[in-house]
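I have placed the structure first, in the form of structure tokens, so that the comments after it can refer back to it.
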Amino acid sequence: MKEKCRTVIFYFILIQPFLDLYWFYHGKLAQVLPFTLPTIIRILAVFVIFCMFFSQKQNWQKLGRDKWLSAYLVLLVIYSLIHLWHVRTFNSLNPSGYNYSAVSEIFYLIRMFLPLAIIYFTKEISFSQQQLKLVTEWLSGLFAGTIVISNLFIISLRSYETGFISANIFEWFFNSNIGYSHMASKGFFNFTNMVGAVLFMLLPMMLYYLLNDFDWKITTLTVIHALAMIELGTKVAALGLIGGIIACLIIYLVHCYLLHNAKKNGKAVIAAILIEIASLAILPFGPAIQRYNYEIKLAQQSDHDLSQEKYELNRGLLRYSNDQQRDEFLRSYIKENYYAYALNKKFVFKSYSYQYDPEFWLEIMKEPGEMRMQNRHLEKAMLDRVVQTNNNHLDKYLGISFTRQTNIFNLERDFISQVYSLGWIGMLLFVGPYVAIALYGIIEWLRIKSARTYLVSSLLLAIIFILFAAYYSGNVMDFLTASLILGFVEGNLLIQIKKNKKTA
């Protein structure tokens, strides 16, 4: 039964790229059931793994003997019940209350638990190093290969905005006017930031196999992986590739010349350096740099002479004395002038509508152009306003619900995002374990000599990379494709630490 369970988890992790295909979340496929089909498949798959694993009596007994884990599970259940009770009522300026749904919130809590279960099952069932290598190579091949091939044939979805790209990588070098949104390619996947974070996480593992098991196959896969990170066009993917290769080479050299537990391979090092040089050569022509330059230009334009708009604003505010007239004027002014202030239309009209709180957007328009251009600043400001309006001190500890937060806008900064949706307690219970396992791995690496293997270091680096990406760009910890793969990697880290501690 243990072998069957291991096989199910192995293939379950491998199908994650297919479950993130764009069409599962948009169009007819997204409307087949009340919840997306990939999420239902994932819940059912983890339930099957649960049943298979606990069909063995000794596994129940082992769980019962683990008092810390049992206490944690009890805390999760108690917190979830209190959280659902807390978020059922809410005060807001928007009469819809941001469309809270108790069923959706319960579904979200279940989703957040699934990767935590995968960590436990992966650790208990124990995967071999060869199986970990196969999973890593297949995940890289599926994600990166899809992006590179679809870019080559100009059939890739855009990383930014909707529709398909207009040019492949070869055209980047001959046409500087393509525009980053027409260049950046995410293959056929749904969430750009999530794909970038997963590729960033897999990079140390791909370089581990390149430097440790050098051959033409792994070299080709690593080249494709690097190319996909450039073509995706996010800062995390592009800059993560450059910095990531350097970090991985440093780790490798430490294990070769200080710890003396890694194989020296000059050809592999040269291959990694050549990939770095080629990436540095391509990057200036790629969408990430193009987007960065565009944002600088847009920020400068947003600080253009607004004297005429400000004159109209001040004249209108002086003209109307009562609140109702003032609000009507502000609504009209914001609707006509939001573009001049370079405000995100989606934020103003949909996420936190100017119709219900024009005073909020008036305060935003008074900010410098550079601040108005920062989406994460506006996302946080909108959520802060919503929390302030609700005026419930328990929101800090129990959250305002994931449903409400995403119906406003999903804050692109994980950990902080979960503080809004789940509160500090929920964030620590549902997201904290990922950080706790990384810290545990670092402590054990420092404490126990036998745990300082090259593989353990690479796994730790992979986890640190994705946690950094989650904080920097968001859309990772709440999205199962990334969190389930992270759960599998963390489970394997625990396997390797436990195995190497026994040899101490």
Side-chain angles (χ1 to χ4, degrees), residues 6-22 24 38 41-42 45-46 49 114-115 118-119 121-122 125 127-150 185-210 212-213 217-232 234 236-237 240-241 244 248 434 455 458-467 469-470 475-477 479-493 495-496:
R6 186 185 293 115
T7 302
V8 172
I9 295 176
F10 180 89
Y11 286 107
F12 175 58
I13 297 300
L14 284 187
I15 67 167
Q16 294 310 308
F18 298 102
L19 296 179
D20 192 58
L21 292 176
Y22 178 86
F24 280 126
I41 291 171
R42 284 161 171 152
V46 175
I49 295 166
L114 298 183
I118 288 298
I119 294 174
F121 293 134
T122 300
I125 291 168
F127 284 76
S128 68
Q129 290 189 28
Q130 181 60 27
Q131 288 167 328
L132 175 61
K133 181 181 180 181
L134 284 172
V135 170
T136 302
E137 290 178 345
W138 271 102
L139 286 175
S140 173
L142 289 168
F143 277 116
T146 300
I147 292 170
V148 170
I149 293 171
S150 62
S185 310
K186 65 176 181 179
F188 307 122
F189 305 112
N190 191 33
F191 297 108
T192 304
N193 285 357
M194 185 281 299
V195 175
V198 170
L199 290 175
F200 190 30
M201 175 179 65
L202 293 175
L203 180 65
M205 298 306 299
M206 294 301 294
L207 284 164
Y208 167 79
Y209 296 119
L210 173 70
N212 202 56
D213 305 314
K217 175 188 169 186
I218 190 63
T219 304
T220 303
L221 281 173
T222 308
V223 168
I224 293 170
H225 192 98
L227 202 56
M229 292 180 76
I230 295 172
E231 291 178 346
L232 189 67
T234 66
V236 163
L241 172 63
C248 291
Y434 301 103
L455 178 56
S458 299
L459 286 165
L460 276 171
L461 196 61
I463 293 165
I464 291 168
F465 277 5
I466 194 170
L467 292 177
N475 295 333
V476 175
M477 308 310 296
F479 295 89
L480 286 174
T481 302
S483 58
L484 285 167
I485 296 171
L486 172 58
F488 180 76
V489 171
E490 291 207 330
N492 275 280
L493 172 67
I495 291 168
Q496 293 303 315

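We're numbering straight along the sequence, starting at 1. Quick caveat: nothing in here was measured; it's all calculated off a predicted structure.
Annotation for I218 and T222: closest pair O-OG1, 2.7 Å, computed over non-hydrogen atoms. Between Q16 and L484, the shortest heavy-atom contact is OE1-CD1, 3.5 Å. Of all non-hydrogen atoms in Y22 and N190, the two that sit nearest each other are CD1-OD1, 3.6 Å. The two residues L139 and I13 come nearest to each other via the heavy atoms CD2-O, 3.5 Å. Shown here for G196 and V236, the closest heavy-atom pair between the two residues is O-CG1, 4.3 Å. In terms of heavy atoms, D20 sits closest to R42 at N-NH2, 4.4 Å.
Between L480 and P115, some side-chain heavy-atom pair lies under the 4.5 Å cut-off. Using a 4.5 Å heavy-atom cutoff, the side chains of L455 and M205 are in contact. Here the side chains of I118 and F12 are in contact, with some heavy-atom distance below 4.5 Å. No side-chain heavy atom of P17 sits under 4.5 Å from any side-chain heavy atom of W138. You'll find the side chain of V195 reaches within 4.5 Å of the side chain of I147, heavy atoms only.
For F143 and F189, the ring centers are positioned less than 6.0 Å apart. Ring pair F24/F18: centre-to-centre distance not below 6.0 Å. Taking the six-membered ring wherever Trp is involved, the centroid distance between the rings of F200 and F465 falls below 6.0 Å.
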- [ ] Could you go through the side-chain contact (heavy atoms from CB on, under 4.5 Å) check for S458 and Y209 one step at a time?
- [x] CA-CA 10 Å; S458 299; Y209 296 119; over 6 Å; no

Task: Step-by-step side-chain contact (heavy atoms from CB on, under 4.5 Å) determination, E490 to T122 - done: CA-CA 9 Å; E490 291 207 330; T122 300; over 6 Å; no

Open item on the list: Is there a side-chain contact (heavy atoms from CB on, under 4.5 Å) between L232 and S185? Walk through the geometry before answering.
Closed with: CA-CA 5 Å; L232 189 67; S185 310; over 6 Å; no

Open item on the list: With side-chain contact (heavy atoms from CB on, under 4.5 Å) as the criterion, how do L132 and F127 come out once you've worked through the C-alpha distance, each side chain's angles and the decisive distance to 0.1 Å?
Closed with: CA-CA 7 Å; L132 175 61; F127 284 76; 5.6 Å; no

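Taken to the nearest 0.5 Å, the CD1 atom of I495 stands 9.5 Å off from the CG atom of L459. Atoms CG and OG1, on L19 and T481 in that order, are 6.5 Å from each other to the nearest 0.5 Å. Atom CG of residue L210 and atom OG1 of residue T220 lie 10.0 Å apart, to the nearest 0.5 angstrom. With rounding to the nearest 0.5 angstrom, the CD atom of E137 is 8.5 Å from the CG atom of D213. The CE atom of M477 sits 13.0 Å away from the CE atom of M194 when rounded to the nearest 0.5 Å. To the nearest 0.5 angstrom, L241 atom CG is 10.5 Å from T234 atom OG1.
A salt bridge is absent between E231 and K186; no separation between the charged side-chain nitrogens and carboxylate oxygens falls under 4.0 Å.
For S128 and R6, the side-chain atoms include no donor-acceptor pair closer than 3.5 Å.
A distance-only check finds no donor-acceptor pair linking the side chain of S140 to the backbone of T136 [under 3.5 Å]. Remark: side-chain polar atoms of H225 are paired, donor with acceptor, to backbone N or O of L199 under 3.5 angstrom. Between the N492 side chain and the F488 main chain, a donor and an acceptor come within less than 3.5 Å of each other.
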